Amino acid sequence: MQGETKNIIQEESAKRTLDVLVVGSGPAGLSAAVYAKRASMSVKVVEKMYMGTGQVAESGRVDNYLGLPGMNGYEMGEVFRSHAQEFDVPFLEGEVCRFEKSRDCDCWIVKLSNGEVQKARAIIYAAGAKHRHLGVPGEEEFGGRGVSYCAVCDGAFYRGKSVVVAGGGDTALDDALYLSELCEKVYLVHRRDKFRGAAATLEKLRQKENVEIITSAVIKEILGDKRVQSVALADGRCLAVSGIFIAVGMIPETECVKEIVALDESGYIVADETGRTNKDGFFAAGDVRTKQLRQVITAVSDGANAAISAAEYLRNK
Ligand SMILES: Cc1cc2nc3c(=O)[nH]c(=O)nc-3n(C[C@H](O)[C@H](O)[C@H](O)COP(=O)(O)OP(=O)(O)OC[C@H]3O[C@@H](n4cnc5c(N)ncnc54)[C@H](O)[C@@H]3O)c2cc1C
């Protein structure tokens with residue numbers, strides 16, 4: 001190829017290379033996009049769900065996001081997305097399935113499952129996580145009407161009521177302890193005879209008069225009318241409760257990055273609040289990274305931090 005032609009092709013390619021590609025338009029991704037735009041970076045957001053705004057859309061009522069108490073989760077997601085649209089952030093519908101680092105353009109080549117390819121000098125990966133489900137009858141039907149996956153989010157709605165917490169790990173034990181301060185009665189139901197969660201928390205639960213620990217018990221069905229009214233166990237017992245908190249684990253959306261960035265033993269991307277991973281130019285934000293509290297407010301904060309880290313990375317290159 002003639003030198004001049006090659007240079008033109010390289011220049012054209014550089015023009016098409018974004019500064020930042022954000023994966024996921026949940027709270028973390030949208031916040032990252034707003035911060036990236038305001039830092040004068042060229043940015044695009046790829047989202048696999050049509051007009052998706054992440055898990056927050058599944059919440060009937062978000063009561064713990066500062067300044068917006070009692071907001072419907074779907075509306076909150078729409079508000080976040082329209083904020084990004086006001087800054088002219090372009091959105092692309094598609095599922096990212098592969099990342100490759102190219103030496104030619106010193107950028108990431110990002111492949112989508114529909115065959116499209118995007119190029120970006122930095123990636124902000126904000127693909128979130130999803131709650132593992134029990135898979136029993138009534139679980140989907142009563143979602144948001146007595147079935148919850150987040151005690152910190154929804155616990156306050158069950159003040160003075162009876163609830164079940166399902167699970168045996170740290171989250172289940174912490175949820176049961178948290179709910180025991182609000183609820184009249186908490187049944188902690190675990191399918192095994194031993195708990196995986198911290199022994200100290202379990203001991204605290206044993207001291208609580210309003211907590212009943214039920215081990216070696218399998219949840220068979222969640223029953224109710226308009227809302228949850230009881231939880232049936234496989235051994236025939238039926239617990240009269242207004243709600244069930246399912247804490248049987250989360251599945252981080254890291255399948256397509258597991259070969260390129262370091263993950264912890266639970267599959268989350270190892271990154272601190274700067275969003276930096278073990279790969280240059282690849283940042284993680286929101287529920288998908290290692291962190292203590294997976295909430296809207298921490299996801300939004302992560303997005304901002306990751307965008308500023310990406311800007312600093314590009315400046316120093
Ligand atoms: C039912 C429910 C109720 C909740 N209630 C509250 C509450 O009251 N208060 C609170 O603070 N938090 C609540 N949360 C938690 C909160 O919603 C999450 O912490 C927050 O949404 C995390 O934001 P995120 O952007 O990191 O990830 P997510 O919200 O999970 O967004 C990730 C996005 O990435 C997209 N994506 C994933 N993989 C790909 C891919 N390969 N390519 C393209 N796109 C991809 C997904 O479709 C999704 O839109 C609740 C969660 C649920 C499920």
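Read the numbers this way: they start at 1 and go in the same order the structure lists the ligands and their atoms. Note that the structure is predicted; figures quoted are calculated from it, not measured. Just so it is clear, the values below take in all heavy atoms, side chains as well, and ignore hydrogens, waters and symmetry mates.
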May I ask you to identify the nearest protein heavy atom to atom 8 (O) of ligand 1, giving residue, atom name and distance to one decimal place in Å?
-> Cys153 CB, 3.0 Å

Contacting atoms of ligand 1, where contact means under 4.0 angstrom from a heavy atom of Met49 | 47 (O)

Any heavy atom of Ser148 under 4.0 Å from ligand 1? The part involved is neither

Under 3.5 Å between some N or O of ligand 1 and some N or O of Val96?
-> yes

Would you mind reporting whether Tyr65 and Met76 have side-chain heavy atoms less than 4.5 Å apart?
-> yes

Please say whether Thr53 places an N or O atom under 3.5 Å from an N or O atom belonging to ligand 1.
-> no

Could you list the atoms of ligand 1 found under 4.0 angstrom from a heavy atom of Arg294?
-> 19 (O)

With only distance considered, is Val62 within less than 3.5 Å of ligand 1 through an N or O on each side?
-> no

Please indicate whether any nitrogen or oxygen in Ser25 is less than 3.5 Å from any nitrogen or oxygen in ligand 1.
-> no

Grab the two heavy atoms, one from Ile123 and one from Ala120, that are nearest each other, plus how far apart they are.
-> CD1-CB, 4.2 Å

Count the heavy atoms belonging to other residues, nucleotides or ligands that lie under 6.0 Å from NZ of Lys317, then report whether that count exceeds 12.
-> yes

Enumerate the atoms of ligand 1 whose separation from the nearest heavy atom of Ala129 is less than 4.0 angstrom.
-> 30 (O)

Do any N/O atoms on Val296 end up under 3.5 angstrom from N/O atoms on ligand 1?
-> yes

For Pro27, is at least one N or O under 3.5 Å away from an N or O on ligand 1?
-> yes

Considering only heavy atoms of Ala299, which atoms of ligand 1 have at least one such atom less than 4.0 Å away?
-> 22 (C), 23 (O), 26 (O)

Using distance alone, determine whether Asp63 and ligand 1 share an N or O pair under 3.5 Å.
-> no

Under 4.0 Å from ligand 1, counting heavy atoms only, is it the side chain of His131, its backbone, both or neither?
-> side chain

Under a single-linkage definition using a 4.5 Å side-chain heavy-atom cutoff for Ile, Leu, Val, Met, Phe, Trp and Tyr, are Val96 and Leu18 assigned to the same hydrophobic cluster?
-> yes

SB check Glu100 Lys111 (cutoff 4.0 Å) = yes

Would you confirm whether Thr277, through its side chain, and Phe282, through its main-chain N or O, come within 3.5 Å as a donor-acceptor pair?
-> yes

Considering distance alone, does some N or O of Glu47 sit under 3.5 Å from an N or O of ligand 1?
-> yes

Going by the atom numbers of ligand 1, which of them fall below 4.0 Å from some non-hydrogen atom of Val23?
-> 42 (N), 43 (C)

Ligand 1 and Glu58, any nitrogen or oxygen pair closer than 3.5 angstrom?
-> no

Contact (N/O only, under 3.5 Å) between Gly54 and ligand 1 | yes

Could you list the atoms of ligand 1 found under 4.0 angstrom from a heavy atom of Val56?
-> 17 (O), 21 (O)

Ligand 1 versus Asn64: contacting region, heavy-atom distance under 4.0 Å | side chain

Is Lys220 atom NZ crowded by more than 12 heavy atoms from other residues, nucleotides or ligands, each under 6.0 Å away?
-> no

